[in-house]
Structure formats: C-alpha cells, structure tokens
Number of protein chains: 2
Amino acid sequence: MSTPGDRQRDADRTRAEILDVAMAEFARSGYAGARVDEIADLTRTTKRMIYYYFGGKEQLYIAVLEKAYSEVRAVEKTVDVDHLDPVEAIRTLAQLTFDHHDAHRDFIALVAIENVHRAEHIRKSEVLANLGAPVLDLISRILDAGHESGDFTTEADAIDVHMMISSFCFFRVANQHTFGALFGRDMTAPEHRERLRTMVGEMVVAYLKGAGR
Amino acid sequence: MSTPGDRQRDADRTRAEILDVAMAEFARSGYAGARVDEIADLTRTTKRMIYYYFGGKEQLYIAVLEKAYSEVRAVEKTVDVDHLDPVEAIRTLAQLTFDHHDAHRDFIALVAIENVHRAEHIRKSEVLANLGAPVLDLISRILDAGHESGDFTTEADAIDVHMMISSFCFFRVANQHTFGALFGRDMTAPEHRERLRTMVGEMVVAYLKGAGR
DNA sequence: ATAAGTTAACTCACTAGTTCGTACATAGGA
DNA sequence: TCCTATGTACGAACTAGTGAGTTAACTTAT
C-alpha cells in the first residue's frame, strides 16, 4: 500500500539516483564523453525523465558539480585550531586534506574535467562562488598564531599555503595514471599512502618554519 | 617548378601542421570534445588527409601525445648538477620545472586530459615508456650529494621529490580555472609568478633540509 | 462522501543534427 | 602503367533533445 507523500519521496530518490550515476559517469568519461543515454540505462529511470528533472545534459552536469562540492565543504571545520599549537594545526590540516582527496576520487576527477573546460560550468552556478573562504580563514589564523609563537618565520600568504597543500594532494590522485605510466609507481597504492601523507605534513611545516632560505 | 623531394617535404609539413592544430584542439576540448572536422578546417588540408596520414582520431591523438612528450624531455639536462652545490641544484631544478610548466600550457592540458582517460592512450605507445628515468637519475644524484655534504637530513625518495615539485608546478597551471573561481585569484597571472616560483624552490629545500620534524 | 478537476510524474516514439569514417574519382610524377 | 597524394561526396551510427499523450495522486466543490 502507499501513503501520501510516497510519490514525492520516490521522485527525490530518483533524482538522487540520477545524480549518483551521472557523477560516476561524468567523472569516468568527461563532459563530452559522458552519454545521457548511458546514464539513463544505469538508473531505473529513462532519459526522458532526466530531461524532465534536470532540463538538459549541461544542467545535470552542473547539478553534479554542486552536489560534489557541497559534500566536500566543511572538512576543515574538523581542525580544532584553538586547541592545537600552530605546527600541529597546519600539519593536521594538510593531512586532513590528504585524506579527503584520497577518499573522494570522483570529485577530483570532476575538478580536473572542469578545468579542461576552463571552469565555464562552475561559473554558471551561484552556489559555488566563494566556497573557498572558510579554509583561507582557518589557515590565516594558524599562520598568525605561528608567527606570534615564533614557530613560523616564513611570511606566507594563506592562499599560497592552501595551494601548496592542495597541489600535492590533488596531483597524487588526479595524475596517478600518467605518473604511473611514466615512473612505474602508483602513487595511490596502499604501500605509499602513509609515507606520502607524512610527507605533505612535513613539507608545509618545513616551509613555514623557514628552512628554505 | 619542383625538385625531387619536394613532395616528401610538403607531406611532412602537412603532417606537422595537422599535429600542431590537433594539439591545440585536443588541449582545448579534450579527446571526445575535439572534432576531426574542426581540426581539418583549421589546416590547409582536408579531413581526408588526416585519415590518410594518421589513420584515425585516436591515432592522431596518440601522435599528438608523443610529440608533446618528446618536445618536453631533456629539460633536466640543463641542470648542471656537478657545478652547483646540492641546495642550489635542487632549487634550480624546481624552478626550471616551474618555468617549463609555465611555458607549455597545452602540454599540461593534454596530461590532465590523458589522466581523465586513465592513461589508456599513453599505454598504447611504446615511445612513451620510461620517459621519466632521466629526472629521477638527476634527483638521485642531487640527493646523494646533499646527504654527503650534510645539507639534507631528510631521507627522501627521488620519485617522491619529483612528485612534490611537479605537483606544485602542475597544479598551478592545470587547476588555474577552478582555483580562480573558488578563491578569486589567478595563480598564473604575472603578478604571482615570481613569488610562486621562489616558493617552490624554498619548499623543496626546506623539506630536504629536514625542518619539518 | 464522492464526483470532477488539477497537476506532478511518467512512457513511448520520434527527429534533427552531428560526427567519424569511407567510397570513388582523379591528378600527376616515376 | 602504377603508385602516392588529394578533392568531393556520402553514409551509417550515434546523440541530445522533444512532442504528445497516459497514469495516478491530490484538491475542491457539492
């Protein structure tokens, strides 16, 4: 039997199912390479319904991006900057970023794809503007504390530090295939995980302590 | 009038022109997004000739990859490791890598695209195997010298160090668009160039000196 | 309570346009 | 005459998107 509201819930579930499948498909094949028919075939619904719910391929793709980014924000909220000394705080943030990239491969692929398209779709979404602000604020506070305590001697910009951490974590996942082909090592294999995780932490700390000059 | 050999030279020039245009087109639109007709229209030749010379879209794409990678190898040969102390040698290598990525945007885009396709095309080309060996050898020698001189205290693996440098340089170019959209800063803009170039050098040096622990 | 009306969710079949690739004819040099 | 190089036209398969009508839940008037 069915109760009132079942239809709405079913529709929401269908929407969510489409989004999940579409995310995997776009991440696997890119925007142009992904097929709407393929996405439809992998769901319990039809292509017509994808158009009914999302309007078109591009809007579906944007919806996927929004979902992926929203799942991801507020990772940095886990860093308890006030109860950690600056060195441990920045190391923790770096390793959290590492873990996060490690756990969200599809998201990484989508970001890489979106860069191929010069971020044209992200720019069409208001939901995704200024999503970076929280991390920058966190890093700024850590940097200030580190300079005050004397732990950090390098004058660094929060955006630059974020870029340094992100680049390491992102590259390891995003470029695993060509890197593996060229150097014969899968950076994402379990046996390299802990070493690289430690490395990203030591890298930022060493840089901020200022031993590079 | 025509001399013997003209035909061959013309054919080579046509091949080269197709490759140039195709490289730009694939870099701009990705593999699936690139259009053979579009590439043909941008050359003085026809689509028929692309198929005549290269056989198909995929073979053309692989030829583009081979050309791009071959243009790129032997950057590291410029680092005169024997006449530089280890600290300056690794810093120089890092900044040379930075310059290189800065100057070859299309190549970066192709690598990113190839990773979306899980390096399936690179693996089909024998030309591109073990292309990474020279840099690793160079880094190994720098690391050995640095440990001997006492400048480096961190025990580091050559591949890891290469990854650290590459990730920074690659990310700055490859992710400029989404990063710009999220943080409101174009990492590739002239006003950030020198600072980031210095940064990558200080980053490796600081890490290898071992201040991170 | 129930008939009539309304709307969201859904199906099926179809189309207009694209895109890779090729068949065929031809030109000109060796 | 034979071979390489090339232009023209075309086709087969694919692909995003739609037109039109159906079903079933919900609402409102009586």
Side-chain angles (χ1 to χ4, degrees), chain A residues 1-65 113 116-117 120-121 124, chain B residues 1-19 21-65 113 117 120-121 124:
Chain A
M1 85 189 94
S2 64
T3 66
D6 272 10
R7 266 176 90 78
Q8 179 60 40
R9 265 191 295 280
D10 281 1
D12 285 352
R13 193 148 37 78
T14 302
R15 266 192 158 85
E17 189 191 354
I18 293 172
L19 277 176
D20 283 343
V21 171
M23 173 147 163
E25 184 68 10
F26 281 121
R28 184 156 50 115
S29 312
Y31 178 72
R35 299 285 166 250
V36 179
D37 283 300
E38 176 76 8
I39 295 171
D41 287 348
L42 292 172
T43 61
R44 275 163 306 173
T45 186
T46 61
K47 181 168 64 157
R48 193 65 188 82
M49 290 315 293
I50 293 179
Y51 282 86
Y52 179 70
Y53 282 130
F54 296 96
K57 186 182 184 180
E58 187 179 13
Q59 285 122 297
L60 173 61
Y61 176 70
I62 292 175
V64 165
L65 280 180
I113 289 162
V116 171
H117 297 286
E120 58 174 299
H121 305 103
K124 282 182 187 163
Chain B
M1 81 190 100
S2 64
T3 66
D6 272 8
R7 271 172 86 81
Q8 180 61 38
R9 265 190 295 279
D10 281 1
D12 285 351
R13 194 150 35 79
T14 302
R15 266 193 158 84
E17 189 191 353
I18 292 171
L19 277 177
V21 171
M23 174 148 160
E25 185 68 10
F26 280 122
R28 184 157 49 115
S29 313
Y31 177 70
R35 300 284 168 249
V36 179
D37 283 299
E38 176 76 9
I39 294 171
D41 287 348
L42 292 172
T43 62
R44 274 162 307 172
T45 185
T46 60
K47 183 168 62 158
R48 180 71 186 76
M49 294 313 295
I50 293 179
Y51 281 87
Y52 182 70
Y53 282 130
F54 295 96
K57 185 182 184 179
E58 188 179 11
Q59 286 123 296
L60 173 61
Y61 176 70
I62 292 176
V64 165
L65 278 180
I113 289 162
H117 297 287
E120 58 174 297
H121 305 103
K124 282 182 186 163

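This structure is a prediction, so every number in the text was calculated from the model and none was measured. Order of the sequence lines fixes the chain letters, A, B, ..., with proteins taken first and strands second; residue numbering starts at 1 for each chain.
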Rounded to whole angstrom units, what separation is found between the [atom1] atom of [X] and the [atom2] atom of [N]?
X	N	atom1	atom2	answer
B:Phe26	C:dC20	CZ	C1'	12 Å
B:Gln59	C:dT22	CD	P	10 Å
A:Met49	C:dC12	CE	P	12 Å
A:Tyr51	C:dT15	OH	P	17 Å
A:Ile39	D:dG17	CD1	C1'	14 Å
B:Phe54	C:dC20	CZ	C1'	17 Å
B:Asp41	C:dT19	CG	C1'	13 Å
A:Lys57	D:dT15	NZ	P	9 Å

query = When B:Tyr61 is tested against each of B:His121, B:Met23, B:Lys124 for side-chain contact (heavy atoms from CB on, under 4.5 Å), which residue passes?
reply =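 One option only clears the test, and that one is B:His121.
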
ask   = Think A:Thr46 has a side-chain N or O under 4.0 angstrom from the OP1 or OP2 of C:dT11?
value =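 Indeed, a polar side-chain atom of A:Thr46 lies that close.
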
ask   = Within the pair B:Tyr52 and D:dA5, is there a side-chain N or O less than 4.0 Å away from OP1 or OP2?
value =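 For B:Tyr52, the contact criterion (side-chain N or O under 4.0 Å from OP1 or OP2 of D:dA5) is met.
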
task = Drop me the distance from A:Tyr53's OH to A:Ile18's CD1, to the nearest 0.5 angstrom.
result =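 Here the interatomic distance stands at 6.5 Å.
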
task = Calculate, to the nearest 0.5 Å, the distance between atoms OG1 and OH belonging to A:Thr45 and A:Tyr52 respectively.
result =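 Rounded to the nearest 0.5 Å, the OG1-OH separation comes out at 11.0 Å.
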
task = Determine the contact category for B:Ala40: base if any of its heavy atoms lies under 4.0 Å from a base atom, sugar-phosphate if only primed atoms, P, OP1 or OP2 are that close, otherwise nothing.
result =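 Counting heavy atoms under 4.0 Å across all strands, no contact is made by B:Ala40.
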
Would you please name every residue forming a salt bridge (Lys or Arg N to Asp or Glu O under 4.0 Å) with [X], sequence neighbours left out?
X	value
B:Glu38	none
B:Lys47	B:Asp37
A:Glu120	none

Contacts table for residues 25-34 of chain A: side-chain donor-acceptor under 3.5 angstrom, sequence neighbours left out:
{"residue": "A:Glu25", "atom": "OE1", "partner": "A:Arg28", "partner atom": "NH2", "Å": "2.7"}
{"residue": "A:Tyr31", "atom": "OH", "partner": "A:Glu58", "partner atom": "N", "Å": "3.4"}

inquiry  = Strictly under 4.0 angstrom, non-hydrogen atoms only: write out the protein contact profile of nucleotides 9-14 of chain D, one letter per nucleotide from the 5' end, B, S or -.
reply    = ------

ask   = Does the side chain of A:Leu60 come within less than 4.5 Å of A:Val36's, by heavy atoms?
value =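 A:Val36 does not reach A:Leu60 side chain to side chain.
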
query = Which heavy atom in B:Ala22 sits nearest to a heavy atom in B:Val64, and how many Å separate them?
reply =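 Looking at all heavy atoms of both residues, the shortest contact is CB-CG2, 3.7 Å.
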
request  = Using five pairs at either end of the helix from C:dA1-D:dT30 to C:dA30-D:dT1, determine the angle between the two local helix axes and round it to 10 degrees.
outcome  =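 Terminal axis comparison yields 0°.
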
